[in-house]
Structures are given as structure tokens and as C-alpha cells.
Amino acid sequence: MMGIVDCNSFYCSCERLFRPDLQAQPVVVLSNNDGCIIARTDEAKSLGIDMGVPFYQCRDLLRTHGVSAFSSNYHLYGDMSMRVMDTLRHLMDDTEGLHERVEVYSVDEAFLDLRHIPADRLVSFAMHLRMVVEEWTGIRVSVGLAPTKLLSKVANKLAKKDKQATNCVMVLDSEDAIREALERTEVGDLWGIGRRYAVRLRDHYGIRTAWQLRQMPEEWARRQLGGVVGVRLIRELQGHSCIALKDPLEKKQMIATTRMFGAPVFDAGALREAVATYTARAAEKLRRQHSAATTVDVFVVTSGGSSGSYVYEPRSDHRYAVLPRPTSVTHELTAFTLPLVEQLYRPGMKYLKAGVILGGLVPDVAIQGNLFMPSEPGRAKGLMDAIDNLNVSMRDDIVKYAASGMTRNWKMRQELRSRRFTTRWAEIYEVH
DNA sequence: TCTGGGGTCCTAGGACCC
DNA sequence: TCTGGGGTCCTAGGACCC
């Protein structure tokens, strides 16, 4: 059996931990730049606040109903996520240590491999997980258990839908239970079926429920649902597990840092500062997983609507470069990303967003030399280590490159952020 | 006025190799 | 009239996820 543990309204739950007065109150959390709603509590959902709605469009509704809104506080959420995942790993501890049983799938979700739990103990084990995680971290979770990853996601979604009846736990351990669950699940709610496929399935094939989809032949899925991806989806629906737990040691294949600007940018200087900053941030992530990049890609998003038009029509453009030799050194990367900015920049354009994507990642231990470049003396590597250590131990960006700029008018807005209670001494929770 | 950020996998098609 | 077979690697683009 497979399982998935999913934190309930995760970002909102994190905010409530330090605001017990909000326990039964509606709460929402906003995306970067305070742009749109990305997390809601059940109370907020029942007020009709949808996922992804722009903040400015529902400001009045929020005020009328006394909904508390927070800017996203990734220090807090990241730290709480680590605590939840550590708890899960502890509870899934495997004395034989043959393989990992927990796959951290996202900041608030983890898949579990439950082959070692006897069938008659699955329900009580799921209850136990839920209880201990809440006791140790204060975060409530929902648990879905089933023969495959996809079916466990189905179970989890149904558990969350009716928390009273299910106690946030659902186990699909019989054909009857699976059939009933799939009949109650809309095809668009399935993991792997997005909006495009959902519409096509409904309009072209009259398929509305997950149960209907399960009856379709594999060859049809191969043609209509993205090749082998579709075939796997059908098999998983039928209860044949074919998406295994992922190895936690796997490294990322690309690393990106992209941001919407706090206010539109018009001049090349500010654009260069932003790209230099994003390059530095991406390079930090690169060094953390001990990789080096062979390609850099810079992209910008401009406001496409002609002047006077109300239509929001962003357009994007990008340029990339192949490095003469893989590197993770910030200034070696900016030496390539900044010239790309010059290539992209057009005076008079209104820039809304920019990003840096590092690709062609290789391990940084055995970087392949280039016949035509002087070999890396190791000094730059030492400098990077020193900067990374200072920035981690002291505070964000105590040391940074001048190219990143000092004014940073383009920085994102975050007007409603709570304190970083668990990761900054100066912001720790106080009891008087 | 104001609409997030960071990833994954897969396929098709072209260049190139022996 | 005739014009191989079997690969790899790369990029662009499309779908999806949270």
C-alpha cells in the first residue's frame, strides 16, 4: 500500500500556530507581491473565496467578513515543513534501513511506502500518524491510503472533503471502496488531469468521473493523454502501482529564480540589478546541491497591452548562453547572464518580471575542464563557501555583489508578513 | 493601479554519427 | 530506375504538479 500525508491549509495553519486567536476564524495567505490568494482555511473557502483570485479583487469581501490576510512567510512555512517531515520519517522509521519510506513531494505533502504495515493495522496506523504530527508540530494533516500513489491521492482528497465523517483519514483497501471513491471523483480532480485534459475528456468522450476514465483502454490513453504518462495513469487507477517512491537524494535538473517586480521596471540598470540578484540566488541553490551549471537562460516578461488598453497581456522573451565550462561561482554566472540582459533590453518597454534558469547541471566534484580556459584555482570556490556561510549564519544577504544593487526599487511587496518566529532570534515569539 | 514561483516529464523533429 | 538502418543528442513546446 501507498499513502499520502497532506497538511490541511498548510500556510494558513502555520500562521495560526502563532495566532491562536485565529483558530476558528477565516484566514488566507497571499502569493509573492501580495498578488493573489494561494491558501485558504475552510472558513475562508465557505465564504466563496476561490484559489488563485487576485487579492485586489476580493479585498472588500475579505474586509466585510473579517478575514485575516497574510503575505507569504517562507521562512516560517519552510521550517514548519521540515518539522512535519522529520516527524513522519521518525514514525516510518525502518530499522532494517533497506530503503526510504518517505518521499517529500512538496512543502506540505509526503508519499509513504507502507508495505511493512499489516493490512489490518492500516487504519490505526494512519490515525496514529495524524495524531502524533499534530501533537509534535501543531499542524493538522489528512491521510489517504490505497494500493497506488494516484489512488492514495484520491483517498486523501475525499478525506479532506468531509473531515467530520472521515476524521481526515481514508483507506481504500477493497475493490468496492475503490469503485465508490472513483465514482465520487470528478475526472478533473485526478492527479495528472489538468484543466485542458478535463475539458477534452468531457467534451470529446463524455468522461466525467474517474471511474469512467478507468474503463478506457491503455492504447487510447497513449494517444489522448500524453503517451506513457496516460498509460501509467490508467494503470494506477486500476490499482497497479507503477509510480514508485522517488529517491530523496536525486538532484534537481534545472534551477530557477524568477520574480514578479514590486513595481514595473523601465530602465536597464534596475533590470540588471534584478537579474544579478536572481543569478546569485540561483547559484546559492546550485551550490547547496553541489552542482554546476552548463547553460544559463534569462527571460523577461513585458506588459504587452497597447497603451490605454485594459487587457493584461504579458509577453515573454528569453536568451540563453552555453558556458565554456560548468560553474557554480556567482560572478562567473553573472558574466554570462548580464550580457543577455543587454540583448533583451528595449528602451521604453515596461518590464513586469524577470528570471534566471540554470540548466545542464552536473556534479561539481568532477567538473570537466576546458582546454581553452585557465583551470579553476579553487579560490573562487572558497569565496563562495565563505559568502554562503555568512549569509546563512548572520542574516540574508549580509554579503552580496554590488551588481545586485543597493536601492532595489523593484523588490516585491510584502506588506502583511508575520514574523519569522522560528528561524530568526530577533523575531522570536515573546510571552510577557 | 493591482494577477506567484519553481519544478517535472514527455514528444516531435532536426542534426549528426557510424 | 535506383537512394539503408539504427542510434544519440539537442531544443522547443505542451501538458502537468503544488
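Residue numbers begin at 1 in each chain, while the letters A, B, ... track the order of the sequences.
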Quiz item: Below 4.0 angstrom, N of the basic side chain to O of the carboxylate: do A/Arg83 and A/Asp79 qualify?
Solution: yes
Self-check item: Among C/dC18, B/dG5, C/dA12, the nucleotide that comes nearest once only the side chain of A/Tyr320 is considered
Solution: C/dA12
Quiz prompt | Closest nucleotide among B/dT3, C/dA15, C/dC17 to the A/Tyr56 side chain | solution = B/dT3
Quiz item: Are the ring centres of A/Tyr105 and A/Trp191 closer than 6.0 Å?
Solution: yes
Quiz item: Does a side-chain N or O from A/Lys246 land closer than 4.0 Å to OP1 or OP2 of B/dT8, or not?
Solution: no
Quiz prompt | Nearest-neighbour nucleotide for the A/Val228 side chain, B/dG4, C/dA15, B/dC10 considered | solution = B/dC10
Practice problem: Could you please name the option among B/dC10, B/dG4, B/dG7 that lies closest to any side-chain atom of A/Ile38? | Solution: B/dG4
Quiz item: Taking the side chain of A/Tyr197 as its heavy atoms from C-beta onward, which of B/dC10, B/dG7, C/dA15 lies nearest to it?
Solution: C/dA15
Practice problem: Please confirm whether A/Tyr205 and A/Trp220 have ring centers closer than 6.0 angstrom. | Solution: yes
Quiz item: Should A/Glu427 and A/Arg420 count as an ion pair when the cut-off is N to O under 4.0 Å?
Solution: yes
Practice problem: With the side chain of A/Arg259 defined as its heavy atoms from C-beta on, choose the nearest nucleotide among C/dC18, B/dG5, B/dT3. | Solution: B/dG5
Exercise. Would you check, one step at a time, whether the test side chain to side chain donor-acceptor pair (under 3.5 Å) holds for A/Thr257 with A/Lys285?
Key: CA-CA 9 Å; A/Thr257 300; A/Lys285 297 184 203 169; 3.2 Å; yes
Quiz prompt | Inter-nucleotide C1' distance (B/dG4, C/dC17), Å rounded | solution = 15 Å
Quiz item: Do other residues, nucleotides or ligands put more than 12 heavy atoms under 6.0 Å from the CD atom of A/Glu342?
Solution: yes
Practice problem: Pick base, sugar-phosphate or nothing for A/Asn33, based on heavy-atom distances below 4.0 Å to the nucleic acid. | Solution: nothing
Self-check item: Stems formed with participation of DNA chain B [Watson-Crick or G-U wobble, under 3.5 Å, three or more pairs]
Solution: B:5-18 with C:5-18
